[in-house]
Every structure is written in C-alpha cells, then in structure tokens.
Amino acid sequence: MANTLPISINYHKPKLVVPSSVTPYETKRLSEIDDQGFIRFQIPILMFYKYNSSMKGKDPAKIIKDGLSKTLVFYYPLAGRLIEGPNKKLMVNCNGEGVLFIKGDANIELEKLGESIKPPCPYLDLLLHNVHGSDGIIGSPLLLIQVTRFTCGGFAVGFRFNHTMMDGYGFKMFLNALSELIQGASTPSILPVWERHLLSARSSPCITCIHHEFDEEIESKIAWESIEDKLIQQSFFFGNEEMEVIKNQVPPNYECTKFELLMAFLWKCRTIALNLHPEEIVRLTYIINIRGKKSLNIELPIGYYGNAFVTPVVVSKAGLLCSNPVTYAVELIKKVKDHINEEYIKSLIDLMVIKGRPELTKSWNFLVSDNRYIGSDEFDFGWGNPIFGGISKAISFISFGVSVKNDKGEKGVLIAISLPPLAMKKLQDIYKMTFRVITSNI
C-alpha cells in the first residue's frame with residue numbers, strides 16, 4: 001500500500017439538494033433484479049481533478065451542486081426514498097426530498113497524496129463523510145456527494161450511491177447527464193427510462209433453471225464470516241505486459257476473452273493463497289450484463305438505468321482448481337456463460353419472488369465486477385478528465401476492476417482484493433513471482 005499522509009478536512013454543514021423544478025410525486029416499484037438481497041449496499045466512487053487555470057475563481061462545489069439540482073429533474077426517483085412492501089419488495093417514494101451534498105476543504109495539496117488516491121484509498125472515509133443516518137437502504141438518501149477542495153485548487157468528487165437504484169451502466173448515464181448539464185446542455189443526450197417492469201417476475205413465477213449462486217454451504221459460510229472482519233486489501237495491476245504473461249499459460253490460439261482469462265487466473269491464485277482443503281468447494285461469480293444482447297430476447301431501452309445484470313457462479317473443488325492449468329478455470333467460466341439465456345434470466349427473476357430475495361452465497365466466493373466500461377476516469381465537469389476515477393475499495397468478497405495508468409503511463413486494470421493477512425502475503429508473492437520478468441525490467 002502507498003504511504004499515507006495525515007490529512008484533515010473541514011466539513012461544511014451537509015445539505016439536501018432537490019430537483020431544480022417540480023417533479024412527480026409517485027411510488028415506483030423496483031425490478032426483481034434491483035432488489036436482490038446482495039445489492040442492498042452503497043457503492044463508493046472517487047474522482048480526483050487537478051487544478052485547471054482556465055477555471056480559476058470557479059468553485060467546483062457550487063458548479064457540481066447546481067448541476068446535480070438540474071440532473072435530478074430527469075433522475076427524480078434518486079431524490080426520493082426507498083420503502084419496503086410485502087415480501088421485502090422495494091419501491092421508491094418519489095417525494096423530492098433530495099440527495100445529500102457535502103462540501104469539504106482539505107489541508108493538503110492533491111499531488112501530495114500520490115498513488116494513494118487509487119484503490120484501496122486510505123482516505124475514503126474522509127472523502128466520503130458518512131453523515132449520521134445517511135447509509136441505510138430504507139428511508140435514507142439514495143445518493144451522497146462530497147466535493148473536497150485541496151489547497152492547490154484541485155479537488156475530489158466522491159459519490160456513494162444505493163446499488164438497488166442503478167448499476168454501473170446506469171451510474172455512467174447519470175454522470176454523463178450531470179457532465180452535460182454542467183457544461184450547458186438543457187437536457188441529457190440520453191433521457192433516463194424507468195420501465196423496471198421489464199425485469200419483474202412472471203404472473204405465475206416458476207424456477208426452471210439451476211442457480212448455484214444461491215447455494216450456501218453453512219460451514220464454509222461460517223468460515224468466511226469468521227475472517228471477514230480481519231480482511232486487508234491490496235490492489236493488483238494488469239496491463240498489456242501482465243496479460244501477455246498470463247496468456248503464455250494457455251495454448252496458442254486458445255479462444256477466450258481477456259477478462260475471462262484474467263478472472264480464471266485471479267480465481268486460481270486467490271484460492272491457492274487461501275490454502276483451503278482440496279475437497280472444499282470454491283466459487284467464482286461472473287457478472288454478465290444483459291443490455292443489448294439480442295440473443296437473450298430481452299429488449300431494454302437505451303435509457304434504462306436500473307440494474308441489468310445476472311450473477312451466475314462457477315463452481316470447483318479447490319484442489320482441482322489449484323492443480324490444473326488456468327484453462328480448466330476458463331472452460332468452467334465459458335460453460336456457465338453459454339448457459340445464460342432468456343429462460344435463465346426469467347427463472348432468476350422468479351426465484352427472487354419465490355425464495356424471498358436470498359443473498360448470494362458467501363461460501364469461498366469471489367466476485368469481480370469489471371467497471372472499466374463506466375469510464376469514471378473520463379467525466380469532465382469543466383476541469384478536464386480526472387487523474388483517477390473509480391470504485392475505491394473491495395467490499396468483502398466483491399472486487400471491482402477499474403481503469404488506471406501505471407507509473408510508465410500504460411493503461412490497465414487495477415483490482416483491489418480482500419483477504420486475511422497471511423493469504424494476502426501469499427497472493428502478493430504469487431503475483432511477484434508470476435510477473436518477476438516485468439518488475440525486473442522497471
């Protein structure tokens with residue numbers, strides 16, 4: 001981890017930002033995908049902007065706050081509050097109450113923070129101040145924004161959003177709209193669409209497929225939960241050179257995507273690091289976006305900003321995963337992906353209603369969400385692109401891949417992983433050994 005400096009932030013009084021014009025007062029139902037048990041949490045995103053002389057004298061906090069107010073006219077459900085109906089059904093009370101906005105002033109220059117602005121960011125709790133009572137799922141603000149100004153004129157924007165309201169693609173739409181309206185547009189280029197009924201249960205719900213993602217092995221769950229509060233986080237970078245090294249572990253002309261290969265490699269290395277019994281069942285949760293896939297026969301409008309993904313799980317015995325080539329894990333991933341069809345998605349949606357919205361299994365599970373497509377490093381609020389933007393930490397067994405540049409200026413993916421200290425040391429050793437040729441050339 002990068003060395004951290006002691007910093008302090010002077011917070012202004014938190015305020016609620018409401019839509020700049022009157023919005024409908026109504027109750028809207030979330031989809032079954034939205035109100036799955038495991039996405040009832042907050043996603044933290046940080047973006048850091050350097051001082052820009054062309055914006056001299058302009059206050060980023062005021063500009064972003066005013067832009068939020070305009071954006072909430074179009075995304076007015078985000079200014080409401082969640083309520084829970086029968087069978088834990090989530091609905092939004094669109095009451096225009098507003099999103100939470102905090103302004104802060106830090107006692108340090110942005111560049112002094114160095115590499116520590118990248119995940120896992122040690123300043124996250126300072127740059128996203130947890131206002132008392134703001135972090136609940138029901139009845140709390142659905143979005144918290146903090147603009148922190150540094151002494152150099154640079155600033156950070158922190159967003160914490162309720163995952164039940166939108167996924168990464170939806171949040172990207174929201175940030176695009178915010179950026180466009182800040183820079184003078186009267187309406188977003190893509191208008192948001194609710195239509196959550198498109199991913200709601202059938203009139204006679206029926207589970208027709210096997211959903212291993214909700215299989216829970218009690219002993220394994222207890223084992224994971226017993227170490228959950230002892231986890232530490234480290235980030236691992238994968239650029240073109242690292243991916244070439246991993247690619248050399250599979251036969252020439254072997255067909256798979258880069259991300260499939262990376263997930264297979266990480267899953268195997270993480271499992272080796274955990275040093276589990278060979279007969280222990282381990283899982284990899286592979287997130288599949290269902291937007292724009294005609295083969296699935298589910299047409300979502302381009303402006304749909306709700307959650308639109310499924311989380312099939314890949315299962316193996318730890319011993320088989322660790323002793324086999326990485327292609328073993330890739331083939332398991334490909335097989336699971338091939339089974340995702342329209343019926344699987346409808347069965348999953350129905351399962352939520354029938355089984356009361358179960359959580360994803362925690363039993364030695366590893367979930368990596370590829371967030372590079374969100375483009376959190378490309379949103380311009382007038383100061384140019386951020387020097388870093390992305391989800392700022394792993395959350396339990398859930399990791400996020402974000403776009404970063406390494407110290408050579410090469411773009412790649414950075415993945416923060418949570419593990420107990422001994423396992424983390426082992427994973428770091430595996431990483432160093434695998435890529436020692438690259439590191440020796442630096």
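Quick caveat: nothing in here was measured; it's all calculated off a predicted structure. Both backbone and side-chain heavy atoms feed into the values below; hydrogens, waters and symmetry mates do not.
Screening residues 173-193 for ring pair (Phe, Tyr, Trp, His ring centres under 6.0 Å), with sequence neighbours left out, gives Tyr75-Phe174. The side-chain hydrogen bond (donor to acceptor under 3.5 Å, both in side chains) analysis of residues 383-392, with sequence neighbours excluded, yields no pairs. Within the structure, every pair that satisfies the salt bridge (Lys or Arg N to Asp or Glu O under 4.0 Å) test and touches residues 163-187, not counting sequence neighbours, is listed here: Asp167-Arg291.
Using modelled atom types and a 3.5 Å distance limit, the side chains of Asp35 and Ser31 yield no donor-acceptor pair. Under the 3.5 Å distance criterion, with hydrogens and angles disregarded, a donor-acceptor pair is assigned to the side chains of Asp105 and His12.
Ionic pairing of Arg40 and Glu359 is not present here: no N-O contact between side-chain nitrogen and carboxylate oxygen is shorter than 4.0 angstrom. The pair Asp135-Arg160 fails the salt-bridge criterion, with no side-chain N (NZ, NE, NH1 or NH2) lying under 4.0 Å from an Asp/Glu carboxylate O. Asp66 has a carboxylate O that lies under 4.0 Å from a charged side-chain N of Lys62, or vice versa, which qualifies the two as a salt bridge. The residues Glu260 and Lys337 are annotated as salt-bridged, a charged nitrogen and a carboxylate oxygen being separated by less than 4.0 angstrom. No salt bridge links Arg283 with Glu213; every basic N to acidic carboxylate O contact stays at or beyond 4.0 Å.
For Glu343 (side chain) and Cys209 (main-chain N/O), no donor-acceptor pair under 3.5 Å exists by modelled atom type. A donor-acceptor contact shorter than 3.5 Å is absent between the side chain of Glu228 and the backbone of Phe397. Counting only distance, with no hydrogens or angles, the side chain of Glu410 and the backbone of Lys405 share no donor-acceptor pair below 3.5 Å. No side-chain donor-acceptor contact under 3.5 Å links Gln36 to the backbone of Leu360.
For the pair Lys247 and Phe238, the NZ or CZ position fails the cation-pi test of under 6.0 Å to the six-membered ring centre and within 45 degrees of the ring normal. In this structure, Arg196 satisfies the cation-pi test against Trp194, with its NZ or CZ atom closer than 6.0 Å to the six-membered ring centre and inside 45 degrees of the ring normal.
Side-chain contact between Ser347 and Ile207 is present, with heavy atoms from C-beta onward closer than 4.5 Å. Annotation: side chain of Leu274 is in contact with side chain of Arg270 (closest heavy-atom distance under 4.5 Å). Side-chain contact check for Tyr49 versus Leu110: every heavy-atom pair is 4.5 Å or farther apart.
Across all their heavy atoms, Ser140 and Gly133 have their closest contact at OG-O, 3.2 Å.
The residue from Ile83, Ile138, Asp34 that alone fulfils the side chain to side chain contact (heavy atoms under 4.5 Å, CB included) condition with Leu90 is Ile138.
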Please set out all donor-acceptor pairs under 3.5 angstrom arising from side-chain atoms of residues 15-27, sequence neighbours excluded.
unit_1, atom_1, unit_2, atom_2, d
Tyr25, OH, Asn95, O, 2.9
Glu26, OE2, Lys28, NZ, 3.4
Glu26, OE2, Tyr76, OH, 2.3

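Every side-chain contact (heavy atoms from CB on, under 4.5 Å) that Pro312 has, sequence neighbours left out, goes to Ile288, Val310, Val336, Ile340, Tyr344. Residues passing the side-chain contact (heavy atoms from CB on, under 4.5 Å) test with Lys346, sequence neighbours excluded: Arg202, Glu342.
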Next item on the list: Kindly indicate, with the supporting measurements, whether the criterion side-chain contact (heavy atoms from CB on, under 4.5 Å) is fulfilled by Ser316 and Tyr328.
Entry: CA-CA 10 Å; Ser316 173; Tyr328 166 81; 2.8 Å; yes
